[in-house]
Amino acid sequence: MSLPVAQPRLPPLAALARYLDEIDRSRHYSNYGPLSQRFEVRLAEHFEVAPERVVAVANGTLGLTAALMAAAPPAGSLCLVPAWTFVATAHAVRLAGLIPYLVDVEARSGALTPGIAAAALAAAPGPVGAVVPVLPFGQPLLEPDAGLVAWDEFADRHRLAVVVDAAAGFDAVRPRRSPVMVSLHATKVLGIGEGGVVIGPDAGFSEELRRRLNFGFYHVRLAMVPALNATLSEYHAAVGHAALDEWPQSRRAFQRVALNYGRALADLPGVSLLEGYGERWVTSTAILRLEGSDAPDIDLFAGALAVSGIDTRQWWGRGLHRQPAFADCPRTPLPQTDRLAATTLGLPCFPDLSAGAAVRVARAIASAMGVWREGARQAGAPGSPPS
Ligand SMILES: Cc1ncc(COP(=O)(O)O)c(C=O)c1O
């Protein structure tokens, strides 16, 4: 039987019923109804911030777009985006009226750092107005040099808008001052179907953000600024409440999967999981890195796993610069992005993936590595291991 790469599990009907019943009674379906408002308060508790900083959104992509609009960098300016991210980051930048300027990431973390961004500013082909750092696959950014405090300092020093894409960071991110977007898509650890949340610096930013999420209206029906229609529906807020009710159990389930993978892959040379995954933080993807100069070709490796019935995904493809929609964006050299794209693979990951399944995946990885090394040895390929 083949093992899918993802198999989300959202709260069942029984867990939703009391929240759906509230919608029937309130007859409020969208535009910050009572369930959305209470969902924001509960999210504020989770992120340990004041409730007025939290705004629920229709999805992460539009949340990021609206947050960039609310931060108001000069229209048409460049926005630094790590080339190692999901396409949604750059789509949001374009939707907000900015030009994605693709920059490289740090080798170990796979994240854009303030140091890399500062160097890219000096080489920028035009005025830069904003930066969107990304938490790679939900991994926390590393304090003290590259964490969110360092990004706040970067924003002050360079007078730039910094909006953080923490799409997969529900568990890991602890927002500071710069606005942070977290996705609540079905595939994330706190999945509600389609949804997201933006945590801004203060009530003033939240007010501007709500205007950008609601046709440019605020209090009066006058479109004051360019805007979207991207508020969270009450139905998705209902799922959000039920998902938060279950969060301690679902976090434990994702952690169990991570620790099972950690054990199953511990003795396998040439592969690693992301630092701290399952130990300090959880996410909904199990990301495998191939290491060393004799690492297999990623497509052939994924093909070998597929033959063993293991579904995998190159979640971020080969980097933004290889996506036709962003191939024409200005960019710096991107060697680390290219290296990460050629060595990163998403393994099957869902809350009820068993310990036995993790062992099965590890065995398939070991076998694919063995076949690759033997092939390389016989071909005498450069970098092949000594026989
Ligand atoms: C890095 C990153 N940014 C943005 C998004 C977009 O979030 P959403 O699917 O909620 O629009 C994703 C989705 O997975 C993502 O991985």
Side-chain angles (χ1 to χ4, degrees), residues 5-6 8 10 39 43 55-69 79-96 98 100 102-103 105 109-112 130-141 151 162-173 175 178-199 209 212-213 228-233 236-237 239-240 243 254 274 277 281-287 313-321 323 325-326 337 340-341 344-346 349-350:
V5 73
L10 270 62
F39 185 45
L43 289 170
V55 177
V57 295
N59 63 56
T61 307
L62 294 177
L64 190 57
T65 306
L68 281 164
M69 287 173 156
C79 175
L80 270 66
V81 179
W84 184 232
T85 184
F86 184 53
V87 292
T89 316
H91 280 307
V93 167
R94 277 233 176 100
L95 281 171
L98 306 170
L102 311 184
V103 296
V105 292
S109 65
L112 173 62
V131 185
V132 182
V134 176
L135 270 69
F137 305 104
Q139 182 177 30
L141 301 177
W151 277 112
V162 171
V163 178
V164 180
D165 180 344
F170 182 80
D171 187 53
V173 78
S178 300
V180 170
M181 179 280 285
V182 175
S183 167
L184 304 177
H185 188 262
T187 52
K188 300 296 184 280
V189 281
L190 193 99
I192 70 169
E194 287 282 359
V197 54
V198 175
I199 304 104
L209 183 60
R212 302 291 182 153
L213 293 164
L228 310 166
N229 170 22
T231 56
L232 186 75
S233 88
H236 288 91
V239 184
F254 278 112
L274 298 187
Y277 170 57
W281 54 279
V282 300
T283 190
S284 57
T285 49
I287 300 298
R313 187 79 42 90
Q314 294 175 44
W315 288 110
W316 291 354
R318 290 304 178 106
L320 287 181
H321 57 309
Q323 303 282 342
F326 304 111
T337 299
L340 286 162
T344 302
L345 197 62
C349 189
F350 42 90

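When a residue number appears, it is its place in the shown sequence, counting from 1. Whatever order the structure lists ligands and atoms in, that order sets their numbers, starting from 1.
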Under 4.0 Å from any heavy atom of [X], which atoms of ligand 1 are there?
X	value
K188	13 (C), 14 (O)
T89	1 (C), 3 (N)
A88	4 (C), 5 (C), 6 (C)

Identify the protein heavy atom lying closest to [atom], giving its residue, its atom name and the separation to 0.1 Å.
atom	value
atom 15 (C) of ligand 1	A167 CB, 3.4 Å
atom 3 (N) of ligand 1	D165 OD2, 2.6 Å
atom 16 (O) of ligand 1	F86 CB, 3.5 Å

Contact check, E194 vs ligand 1, heavy-atom distance below 4.0 Å: no

Please report whether ligand 1 has a polar contact with [X], defined as an N or O pair separated by less than 3.5 Å (distance criterion only).
X	result
G60	yes
T61	yes
T85	no

Taking every non-hydrogen atom, the tightest pair across L141 and P136: CD2-CD, 4.3 Å

Full working for side chain to side chain contact (heavy atoms under 4.5 Å, CB included) between W281 and L135: CA-CA 12 Å; W281 54 279; L135 270 69; over 6 Å; no

Side-chain H-bond candidate by donor/acceptor type, H185 with T187, under 3.5 Å: yes

Per atom 9 (O) of ligand 1, closest listed option by heavy atom (A166, G169, S183, A90): S183

Kindly say whether [Y] contributes a backbone atom to a donor-acceptor pair with the side chain of [X] at under 3.5 angstrom?
X	Y	answer
T283	F137	yes
D165	V132	no
T89	F86	yes

Note, L320 side chain near W84 side chain (heavy atom, < 4.5 Å): no

is_close_aromatic(H91, F326), centroid dist under 6.0 Å: yes

